[in-house]
Amino acid sequence: MRRFRIAGIVGARPQFIKAAALCKAYQSSRLKKKLDLFWIHTGQHYDYTLSDIFFKELSIPKPRYHLGVGSASHAEQTAKILEKTETVLIKEKPDLVLVFGDTNSTLGAALAASKLRIPVAHVEAGLRSFNRQMPEEINRVITDHISDILFCPTRHAKKQLLKEGIIQAVYQVGDVMADILFSYQKRVKPRRKPRTYYLATIHRNINTDDPRKLARIIRALSGLHKKVILPLHPRTRKIIALSRSLSRLLKNSAPIEVISPVSYAEMISLQKYAYAVLTDSGGIQKEAFLLGVPCITLRNETEWVETVTLGRNALCPHPTARTIERLVERMLRKKFMGVSRRIYGDGSASERILKHCEDYLKKSHD
Ligand code: UD1
């Protein structure tokens, strides 16, 4: 019997976490006999704290290829990913390419595979922010439209694809980040005194690339009445370091404690025991929701709309300390319906994805 070969593409921090969920399901599945799942790391993220730490901590096998792409402009980074992935795909000839999320690695690899007529499966398909200022929105729209199998985390995402005319091989499977979170969260111990701090993350270009916007966010955080723990993404750190006024502002912001990016377990712990989470990340909004912690999204819109409609996430594109505090208090007053956390699945999304991949490959090779 033929063992189908699947190349999983990762490159940036959130993809390592998604890959870890798939690896865990793969290791314990009978499908291991039928599928050979191997990994290609584009090298989009290369700092230890954004990459290697997750491979170690989450027991992700060493990638078969590391493309060493690194940082560059969007065009250059995507072009390098496209070119280098193509070379590997020509050599390896996998039966299927699995891409995750919405980064430049997702788009570059999906494009390389589809031009080689290798089927592409997109994990986290159908999400939209409807904001084309975000590079991630462009990446996810194009990736969805060139993919052959689409794995949607929610009903809403599946509906969106149908609206865009994508109807074939669209599956609502649940969310892979929820899979890994469900298996981790019970083991997590508090690292700080619970509910005494906010946890904040800022790295989106819409917040970091305009110094006035970044200054506004830092000012808002520094006016809060609780400590703010800020694991600082290298992108944001570099931008602040290059600006004397931003550096001074951050240095004089007493409640803000800047720390380096942290491991997955540490991030889950910091979120779980936070008073509230303040973020512009997509994955963190969803994790905060699943952990039952109020979230303020420092953006105009979110692709995880359910977190907002269910009253546990509030959009705040122009934050002040006062608005943040009011929004959090309002969320805390409302009772959270635990059952609705299931909108992101039951923790078996990864198993479903592997099974659908196997079915697809079996059918197309019959
Ligand atoms: C990327 C993704 C974003 C995801 C995020 C998670 C795209 C378009 N964006 O954003 O969707 O939420 O990863 O972190 O793909 N840098 C380092 N070390 C690294 C990686 C990056 O210092 O290991 C710095 C560099 O200055 C680089 C900047 O961060 O220029 C941006 O990195 P890049 O990977 O292009 O985008 P992210 O902002 O990390």
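Order of appearance sets the numbers: ligands from 1, and atoms from 1 within every ligand. Hydrogens, waters and symmetry mates play no part in the numbers below; they use all other heavy atoms, side chains included.
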| said: Using a 4.0 Å heavy-atom cut-off, which part of Lys238 comes near ligand 1: side chain, backbone, both, or neither? | reply: side chain
| query | Side-chain contact, heavy-atom cut-off 4.5 Å: Ile118 with Pro94? | reply | yes
| request: Classify the contact between Ser51 and ligand 1 as side chain, backbone, both or neither, using a heavy-atom distance cut-off of under 4.0 Å. | output: neither
| remark: of all protein heavy atoms, closest to atom 6 (C) of ligand 1 is Pro14 CD, 3.4 Å
| request: Check each of Gln77, His203, Arg13 against atom 4 (C) of ligand 1 and report the one with the nearest heavy atom. | output: His203
Extract all donor-acceptor atom pairs below 3.5 Å that involve side chains of residues 20-28 and protein atoms in other chains or at least two apart in sequence.
residue, atom, partner, partner atom, Å
Tyr26, OH, Arg3, NH2, 3.3
Tyr26, OH, Leu35, O, 2.6
Tyr26, OH, Leu37, N, 3.2
Gln27, OE1, Lys32, NZ, 2.9
Ser28, OG, Lys24, O, 3.1
Ser28, OG, Ala25, O, 3.4

| task | Could you check atom 7 (C) of ligand 1 against the protein and tell me its nearest heavy-atom contact, residue, atom and distance included? | result | Gln44 NE2, 3.6 Å
| field | Where ligand 1 meets Arg204 - atom numbers and elements under 4.0 angstrom, heavy-atom basis | value | 11 (O)
| Will you find, in the side chains of His145 and Glu164, an N or O donor that is under 3.5 Å from an N or O acceptor? | yes
| message | Side chains of Thr279 and Thr201: any donor to acceptor distance under 3.5 Å? | response | yes
| Which is it for Asp102 and ligand 1 at heavy atoms under 4.0 Å: side chain, backbone, both or neither? | side chain
| Atoms of ligand 1 close to His74 [distance to a heavy atom under 4.0 angstrom, numbered from 1] | 8 (C)
| Hey, is ligand 1 close enough to Asn139 that some N/O pair sits below 3.5 Å? | no
| query | Between Asn104 and Asn139, do the side chains contain an N or O donor and an N or O acceptor separated by less than 3.5 Å? | reply | yes
| message | Between Asn131 and Glu301, do the side chains contain a donor N or O and an acceptor N or O under 3.5 Å apart? | response | yes
| said: Once salt bridge (charged side-chain N to carboxylate O under 4.0 Å, His left out) is applied, what residue pairs with a partner in residues 77-89 remain, sequence neighbours excluded? | reply: Glu76-Lys80
| said: Give me the nearest non-hydrogen protein atom to atom 32 (O) of ligand 1 as residue plus atom name, then the distance to 0.1 Å. | reply: His45 NE2, 4.4 Å
| Nearest protein heavy-atom contact for atom 8 (C) of ligand 1: which residue, which atom, what distance? | Asn104 OD1, 3.4 Å
| message | Tell me whether Ser281 reaches ligand 1 (any heavy atom closer than 4.0 angstrom to a ligand atom). | response | no
| remark: Checking heavy atoms under 4.0 Å, the part of Glu136 that sits near ligand 1 is side chain
| message | Donor-acceptor check, side chain of Gln285 to backbone of Ser281, threshold 3.5 angstrom: yes or no? | response | yes
| field | Those atoms of ligand 1 less than 4.0 Å from some heavy atom in Tyr46 | value | 16 (N), 17 (C), 18 (N), 19 (C), 20 (C), 22 (O), 23 (O), 25 (C)
| Thr154 and Tyr344, any side-chain heavy atoms less than 4.5 Å apart | yes
| query | Which option, Gly101, Ser71, Gly108, Gly283, owns the non-hydrogen atom nearest atom 30 (O) of ligand 1? | reply | Ser71
| request: Would you check whether Ser105 has a nitrogen or oxygen atom less than 3.5 angstrom from a nitrogen or oxygen atom of ligand 1? | output: no
| query | Is Arg64 positioned over the aromatic face of Phe38, cation under 6.0 angstrom from the ring centre and no more than 45 degrees off axis? | reply | yes
| Structural part of Leu50 in contact with ligand 1, heavy atom criterion under 4.0 angstrom | side chain
| query | Where is the nearest protein heavy atom to atom 38 (O) of ligand 1: which residue, which atom, and how far? | reply | Arg235 NE, 2.6 Å
| field | Distance-only side-chain donor-acceptor flag, Tyr197 / Glu257, under 3.5 Å | value | no
